[in-house]
Amino acid sequence: MTKYLPKEFEDKIKDLWNKEKVYLTEKPSSPQATAGKGKMYCLSMFPYPSGSGLHVGHVRIYTGTDVLARYFKMSGYDVLHPMGWDAFGLPAENAAIKAQKNPLDIVPGNIATFKRQMQSLGLSYDWSREFSTTDPEYYRWTQWLFIQFFKMGLLYKKNTPINFCPSCKTGLAEEEVLPNGTHERCGKPITKKDLPQWIFRITTYADRLLKDLDGLDWPEGILTMQRNWIGKKEGINITYKIVNSNDQIPIGEIICFTTAPVNFGMTFIVVAPEHHLVKKIIEGKIKVSATERKNVTDYYEKSIKKTDIDRQAEGREKTGVFTGLYAYNHVGGWNVPVWVSDFVVGHVGTGAVQGCPGHDYKDFEFAQKFKLPIIRVVEGKNGDRSPIERADQVIVKGMKGKMMNSKFLDGLDFAEGLEKTMDYIEKNSWGKRVASYHLRDWIFSRQRYWGEPIPMVFCESCAKKGISWWDTKAGKSFQKEHQSISKVDQSIQGEMAGWFPILEQSLPLKLPYVKSYEPTGTGESPLSQMTDWVKEACPECGLSARRESDTMPNWAGSCWYFLKFASSDDQNEIHFPWKKEDLKHWLPVDWYLGGAEHAVLHLLYARFWVKALQDLGLLDFSEPFLKLRNVGMVLAEDHRKMSKSFGNVINPDDVVAEFGADALRIYEMFMAPFNMEISWSTAALQGGYRFLNRIWQIYHNSAKIDGRGDDEGTKTLINSLYKTIHKVEKDIPQTKFNTAIASMMEFLNEWEKGSMALPYTEAKKFLQILSPFAPFVAEKLWREIYKESTSICISPWPSVKQEDLMSSYRNIPVQVNGKVRGVITLVSQASQAEAEQKALKDEKVNKYLEGKTYKTIYVQGKILNFVIKN
RNA sequence: GCCCGGGUGGUGAAAUGGCAUACACGCAGGACUUAAAAUCCUGUGACGAAAGUCGUGAGGGUCCGACUCCCUCCCCGGGCACCA
């Protein structure tokens, strides 16, 4: 008896696959590609190649995608299954700083390790399409795309605060700041520092990003999270005239955004400390009494200095001061006081809130604290019209009730009353219905070395003359060509004077090599210190100009990598890097698998870029990922995250060495539904190994694989095999890998029993359905037992006819009053009368029915239920 | 506080309105072995001698029938957080 020793053949099989090039993608025009069922683009979120090598969590997602890719290939689809590296980013940079090396010298080694590990797992990638986001030949196009987005008016520069550590004199990413507001490395408190940064106008795509979610086959939870992140709210902007205490002459306006204009119950207005009105009061441009001005100034100073920690420490206790100003509530017909408070956030809505304390919890708290009047305008439960004195009496939007104290609205339902109010306000031109979004513009600058250099140049001289790129010849012709999209804001055009893209022919703008680099001390990018690199002639006037020294964020490379994989083109020419036929053939991505931690940002950004590219006429689809499935995390055996500091890390190399790649794959696919979190279990892994060992043994037992096929036992076994094949092919596209494997185990149990044997050619089919999960052992037996010379990976999936799945007999549970009392075997087409007759012969069933009157419920092929009447 | 997941044997889990616990792990007993490992066989939700009763986080509801659908609540995990 030969033993199952995966170590002895897995490497050889891997070499065979490489030699035979079984994973190479067909060209779109090839006969293989056009003859089959069509294309299938299977993609996993590509990894950041860290120094610690592949994690068993990587193994899970990549095996899942691999099972799909292998299954679709065998089923006659033209499959694209690529892999690459998302190698820019903070962790590599920090590791490099620590090691006093350049990331350029570290990353290639990490990639090599990842690739070796992936190959040892038998992942069926077409490595001819491999690339890293850090390859100049790749990021040249990332930079090119940046330039196109700039031309569209989607990018602008603006002073925006960054996190800054005054002690380390360095800018920090959000993730380097601890929750208590200190720097994770030195423990000192961080501050904010204003720096001019590139910002993406993603908000102009908010509506499309929201609407297009409807057509996607994504997990409901992820869709909801995207919707909430975009956070569209339909409401109304209402403009209020401002007067001060002394006279009634309007001296300004406040615009309030609200989704629930309960204006007959409005008794005050609150503005955020950042509101322009506050600034005007402090500067004396709006006159209020000296005390009030001092109060507002003090409150402003205090709240602007407040860090998030201070705010949290104060909890929900409301603070604020009266500004001395009043606003005219034209709906109600009275003046309301204007307050300033930091519970109103500057960047949400208009930064000003109309206070309707009877019908909003926060307004209620504020009114209570500062003794502001509370008016009830909606009846409570059972027509309660009493004054609102407690939080639980507050009637907020969404609750039911009739309007009261609201003149022409009285008696209407609350929801209807709000609509009527908005109509009324619009009719009088006091306000306008608008949508407000949670989504904000995307800060795209990083003051870091390890990212794509932003390919822009700033010319002082052109800036002084007010010349923007859109004033140039190229700019004008671009706008002419793209009239529908390039409605570049006048404000952006003005602010961007002096900024020009570098010449596209000179791309890539390479990241300069330096041995090591220190933080600049100013929070600026290390590139800003490289005076030679930063110098460049202005593309417009030729005078000396300065290159942008910020780099792009890690997201940039992952926003379009799925497009690059589709390219079969060589990179010799300067044009957008994909042939139209490649694009048309492969995109969009059919299957996208990845962790739920990317539920919002990565997916949103990639969707945004695709839409912008569509507007540029470069793509003819609007959504990159048709089907999305999540993979659950793999925790350590102790249910904690795997981490060096816990000493609970499992290295896939060790597992492969001990149990083989197939056992690891089977284990990770079998342990739980694909999208659920699992904790590692070496014991359970051994179960996977045992399963494969039993398969190995049965194929080396000739009595088991040369059954005659004409006796009843063999027929039954073949029928079970067909059912298993059917179950597996139904489960794989639902990513139900665990139940697919369970059904194969079940079949193997049956096959092993007694003298049951499969005919030689039928037994072959079991190897084929096993091969997506355990490709090494399936390939080995395929070649050894069946003497095949071409790979099992490209063999056609064993199809099963529908009639082969029908078995004529069914076991039907028999219930009395819903409790199971027996089981009968019936022809599947049996009538109710036949079923009843048979069931009554069963003593156990009969016992309960004797002498009783009952009715019968019969669902053919499923259940027979007797219900006793009394 | 809000949003998103989840709660079924000793453990990972299966069943999406029709025999609750498939499959696997673990455990117990047995076979093989001088012995161990490996392998194989048998058993394994709880209570009960058995008949049987109970049992899918808790309580209620719909239904002939509920892990599955509806309502109320509890617990665990993740995300956001004074979002107008």
Side-chain angles (χ1 to χ4, degrees), chain A residues 1 3-4 219-225 227-229 231 233 235-236 256-261 269-270 272 308 311-312 314-319 341-345 347-356 359-363 365-366 396-397 436-438 596-597 599-600 630 632-633 635 639 666-667 670-673 675-691 693-694 697 736 738-749 752 811-823 844 854-859 861-869:
Chain A
M1 188 175 274
K3 274 188 97 177
Y4 170 57
E220 244 345 283
I222 304 286
L223 290 174
T224 307
M225 282 164 84
R227 288 191 185 108
N228 292 350
W229 187 264
K233 261 173 289 190
I236 187 164
C256 293
F257 175 77
T258 178
T259 58
I269 278 179
V270 191
D308 292 349
R311 284 200 183 188
Q312 270 168 16
E314 283 173 24
R316 290 170 167 271
E317 186 67 24
K318 298 278 179 289
T319 59
S341 169
D342 63 10
F343 88 82
V344 177
V345 185
H347 58 75
V348 173
T350 55
V353 169
Q354 53 179 67
C356 309
H359 305 283
D360 181 284
Y361 295 118
K362 278 169 286 148
D363 294 355
E365 279 176 28
F366 194 78
V396 300
K397 195 190 175 185
S436 151
Y437 299 87
H438 171 265
E597 65 271 20
V600 178
N630 290 131
M633 281 214 307
L635 301 176
H639 307 291
I666 289 277
Y667 162 67
F670 175 65
M671 273 321 286
N675 62 335
M676 300 270 282
E677 186 176 277
I678 57 173
S679 296
W680 183 264
S681 160
T682 301
L685 168 75
Q686 282 167 344
Y689 177 85
R690 255 175 249 166
F691 170 60
N693 182 35
R694 282 160 55 200
Q697 301 307 334
K736 288 166 77 173
N738 55 331
T739 51
I741 292 172
S743 73
M744 288 191 278
M745 288 174 167
E746 248 171 294
F747 173 73
L748 183 63
N749 288 344
E752 280 176 333
N811 289 333
I812 309 290
V814 181
Q815 298 182 332
V816 178
N817 286 345
K819 283 197 196 297
V820 179
R821 299 300 179 183
V823 178
K844 274 191 185 169
Y854 52 85
K855 72 170 182 179
T856 311
I857 305 219
Y858 177 61
V859 184
K862 290 211 163 156
I863 197 109
L864 177 65
N865 190 7
F866 296 106
V867 185
I868 297 173
K869 297 179 183 172

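Order of the sequence lines sets the chain letters (A, B, ...), proteins ahead of strands, with each chain counted from 1. Just so it is clear, the model here is predicted, and its values are computed rather than measured.
With sequence neighbours left out, the ring pair (Phe, Tyr, Trp, His ring centres under 6.0 Å) criterion links A/Y4 to A/Y689, A/W696. Residues forming a side-chain hydrogen bond (donor to acceptor under 3.5 Å, both in side chains) with A/E752 (at least two apart in sequence, or on another chain): A/R694. Taking the ring pair (Phe, Tyr, Trp, His ring centres under 6.0 Å) definition, one finds that A/Y361 meets it with nothing, sequence neighbours left out.
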Please write out each protein N/O paired with an N/O of nucleotides 39-43 of chain B under 3.5 Å, distance rounded to 0.1 Å.
none

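Counting only heavy atoms from C-beta on, A/K318 has its side chain closest to B/C82 among B/A13, B/C82, B/C83.
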Taking Watson-Crick and G-U wobble pairs with both distances under 3.5 Å, convert RNA chain B into its dot-bracket string, 5' to 3', dots for unpaired and | for cross-strand pairs. (((((((..(((.....[....)))((((((.......))))))(((....)))..(((((..]....))))))))))))....

How would nucleotides 15-23 of chain B be written as a contact map, 5' to 3', with B for base contact, S for sugar-phosphate-only contact and - for no contact, using protein heavy atoms under 4.0 Å? S--BBS-BB

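A/K318 forms no cation-pi arrangement with A/F366, by the criterion of a distance under 6.0 Å to the ring centre and an angle within 45° of the ring axis.
Annotation: B/C70 and B/G6 have their P atoms spaced 13 Å apart (nearest Å).
The nearest whole Å value for the distance from the CD1 atom in A/I678 to the P atom in B/A24 is 18 Å.
Summary of the strand contacts: A/D360 and A/S681 both lie near RNA chain B, and taking for each the nucleotide with the nearest heavy atom, the more 5' one is attributed to A/S681. Nearest-nucleotide positions on RNA chain B place A/R821 closer to the 5' end than the other of A/T258 and A/R821.
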